[in-house]
Amino acid sequence: MKALFLVLHRKDRSPGQRYRHEQYVDFLERNGITCCFRPLLKTKKEDEIFYGTNALPKIFVGFKAFYRRFKSIIEAKAFDVVYIYRDAFFFGTFFERWLKKKSSKIIYDFDDAIWLMDKNANQGIFNKLKNPKKTATISKLADLVIVGNKFLATYAKQFNSNVTIIPSTIDFATYSMIPKKEQKRICIGWTGSFSTIKYFETVVPALKLVKKKYGSKVYFKLIGEPTYKNQELGITGLSWSSATELEDLMELAIGIMPLPDSAWTRGKCGMKALQYMGLEIATIISPIGVNKEIIQDGENGFLASSTKDWVEKISLLIENADLRKRLGKAGRETVAKYFSLEANKEKWLRAFKVL
């Protein structure tokens with residue numbers, strides 16, 4: 001079997017792509033499925049233009065991307081199945097409809113509530129060209145819809161009866177444990193991107209109280225948004241890098257994932273929490289959406305809603321090294337059992353083979 005993957009970014013560029021499908025490629029190919037990737041954005045320069053604020057370079061990249069995708073659809077006839085992650089192009093459903101007319105078998109995969117309008121400040125007027133309703137259209141066109149959690153599945157089943165849930169996962173083969181360095185100070189950290197920094201901001205009042213309470217005993221680390229600074233907390237954001245990702249995360253004694261409660265956040269797949277837990281980092285998250293399925297409060301991590309909750313749960317972990325260790329180990333066991341590549345690889349293989 002030959003599978004054509006229509007994605008936005010080149011390999012090892014997008015966390016979503018890495019944790020949804022890229023880590024399964026070797027397994028799929030060992031089981032007779034040849035995976036060919038066709039990204040819209042092929043170079044680092046294009047990524048930077050796409051996330052910049054200047055309109056003219058965006059238009060230029062858009063035309064290049066349209067031509068690139070046009071060529072991909074033409075070659076689709078040589079493949080047994082076409083896998084689409086989120087959408088085939090930035091705007092509209094032209095390419096998905098074309099594939100359907102060509103009788104291509106389509107697997108459609110999404111891991112966020114992308115039918116809702118979550119605007120990107122860098123996109124300016126281009127936000128107006130987005131059509132969130134296209135998620136429903138592509139779901140109807142697909143032969144199989146794969147989603148990351150129950151909330152997303154409930155939405156997709158309105159438009160397609162063939163929906164399966166496969167969570168975003170950790171590959172323990174590459175996510176191996178790195179020995180922690182002994183540290184006198186407790187590192188409390190968060191990982192994300194420029195688009196999710198607004199969620200980190202919701203927990204800043206609690207972190208300021210923690211800083212006031214414990215002083216130099218604690219420090220804070222933020223990974224994924226290098227432009228972010230918070231002088232009161234002593235934070236200067238770090239860039240994300242695949243080469244240093246594990247080393248950067250392993251500095252954390254406590255990993256946090258704050259979220260406000262909204263339809264968009266209820267669609268999230270808890271990837272930050274899984275990253276922390278997979279590395280035995282004691283984890284505190286907001287009880288939103290799938291997070292309530294990942295964490296059982298006090299057993300494999302903590303749930304926190306209010307500023308008071310966050311301060312209390314962080315304080316418990318700061319003051320009790322044994323508790324941090326126990327929750328960390330239980331968290332890794334949870335990931336291994338339910339949210340690892342090994343636990344979900346057969347689901348991905350069946351998804352392709354059934355078509």
Side-chain angles (χ1 to χ4, degrees), residues 15-16 18-24 26-27 111 148-149 165-183 186-192 218 220-224 240-259 268-304 310 313-348:
R18 285 189 296 124
Y19 294 118
R20 290 304 293 166
H21 54 262
E22 286 179 12
Q23 61 185 327
Y24 289 95
D26 288 345
F27 172 75
D111 57 345
N149 60 47
I165 299 173
I166 307 179
S168 298
T169 54
I170 297 295
D171 179 6
F172 278 167
T174 58
Y175 228 69
S176 56
M177 293 290 294
I178 298 174
K180 275 186 173 290
K181 298 177 181 178
E182 290 295 328
Q183 293 179 306
I186 302 296
C187 181
I188 302 166
W190 177 91
T191 183
V218 300
F220 305 93
K221 184 172 184 177
L222 186 143
I223 306 164
W240 175 86
S241 167
S242 60
T244 63
E245 179 180 36
L246 296 188
E247 184 179 353
D248 288 337
L249 286 171
M250 285 299 290
E251 185 180 350
L252 310 186
I254 302 169
I256 60 174
M257 182 186 175
L259 287 175
K268 288 195 163 293
C269 292
M271 200 61 235
K272 291 181 181 62
L274 298 179
Q275 287 181 278
Y276 306 142
M277 295 164 71
L279 293 173
E280 293 190 9
I281 298 166
T283 301
I284 310 176
I285 61 179
S286 299
I288 306 299
V290 76
N291 286 1
K292 293 180 288 186
E293 299 173 29
I294 295 173
I295 291 282
Q296 285 71 54
D297 193 39
E299 295 182 18
N300 59 351
F302 280 136
L303 299 173
W310 280 100
K313 300 295 176 64
I314 292 174
S315 296
L316 283 172
L317 292 175
I318 290 172
E319 295 171 7
N320 192 329
D322 288 339
L323 178 61
R324 293 199 302 271
K325 187 174 182 179
R326 177 174 67 80
L327 294 185
K329 285 186 175 297
R332 184 171 171 88
E333 290 171 2
T334 297
V335 173
K337 188 173 182 179
Y338 301 108
F339 300 99
S340 66
L341 181 151
E342 192 65 27
N344 289 276
K345 63 184 183 181
E346 294 297 335
K347 296 178 184 178
W348 277 101

Got a second to check how far [X]'s [atom1] is from [Y]'s [atom2], nearest 0.5 Å?
| X | Y | atom1 | atom2 | result |
| --- | --- | --- | --- | --- |
| Glu299 | Thr334 | CD | OG1 | 8.5 Å |
| Leu279 | Glu245 | CG | CD | 8.5 Å |
| Leu317 | Arg326 | CG | CZ | 10.0 Å |

Can you find a pair of side-chain heavy atoms, one from [X] and one from [Y], that are under 4.5 Å apart?
| X | Y | result |
| --- | --- | --- |
| Arg18 | Asp171 | no |
| Arg324 | Ile186 | yes |
| Phe302 | Leu316 | yes |

[X] versus [Y], closest heavy-atom pair with distance:
| X | Y | result |
| --- | --- | --- |
| Ile281 | Gly255 | CG2-N, 3.4 Å |
| Ile294 | Cys269 | CD1-O, 4.1 Å |
| Met271 | Ile170 | CE-CD1, 3.3 Å |
| Pro258 | Ser286 | CA-OG, 3.3 Å |
| Leu259 | Lys268 | CD2-CD, 4.2 Å |
| Arg20 | Trp348 | O-CZ2, 3.1 Å |

*Does the pair Met257 and Thr283 meet the rule for a side-chain contact (heavy atoms from CB on, under 4.5 Å), with working shown?*
CA-CA 8 Å; Met257 182 186 175; Thr283 301; 5.8 Å; no
*asked:* Under the rule for ring pair (Phe, Tyr, Trp, His ring centres under 6.0 Å), what residues qualify as partners of Trp190, not counting sequence neighbours?
replied: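 If we apply the ring pair (Phe, Tyr, Trp, His ring centres under 6.0 Å) test to Trp190, skipping adjacent residues, the hits are Phe200.
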*asked:* If the threshold is 4.0 Å, N to carboxylate O, is there a salt bridge linking Asp297 and Lys313?
replied: yes
*Please say which of Thr191, Ile188, Asp248 ends up in a side chain to side chain contact (heavy atoms under 4.5 Å, CB included) with Lys221.*
Asp248
So, does [X] use its side chain to make a donor-acceptor pair with the main chain of [Y] at under 3.5 Å?
| X | Y | value |
| --- | --- | --- |
| Ser340 | Ala343 | yes |
| Asn149 | Pro167 | no |
| Arg332 | Gly278 | yes |

*asked:* Could you check whether Thr169 and Asn344, counting side-chain N and O atoms only, form a donor-acceptor pair closer than 3.5 Å?
replied: no
*Passes side-chain contact (heavy atoms from CB on, under 4.5 Å), Glu342 versus Phe27? Steps please.*
CA-CA 10 Å; Glu342 192 65 27; Phe27 172 75; over 6 Å; no
_Stepwise side-chain contact (heavy atoms from CB on, under 4.5 Å) check, Ile314 with Val218_ = CA-CA 11 Å; Ile314 292 174; Val218 300; over 6 Å; no
*Any chance you could lay out the side-chain contact (heavy atoms from CB on, under 4.5 Å) test for Ile285 and Tyr276, step after step, and finish with the verdict?*
CA-CA 11 Å; Ile285 61 179; Tyr276 306 142; 5.6 Å; no
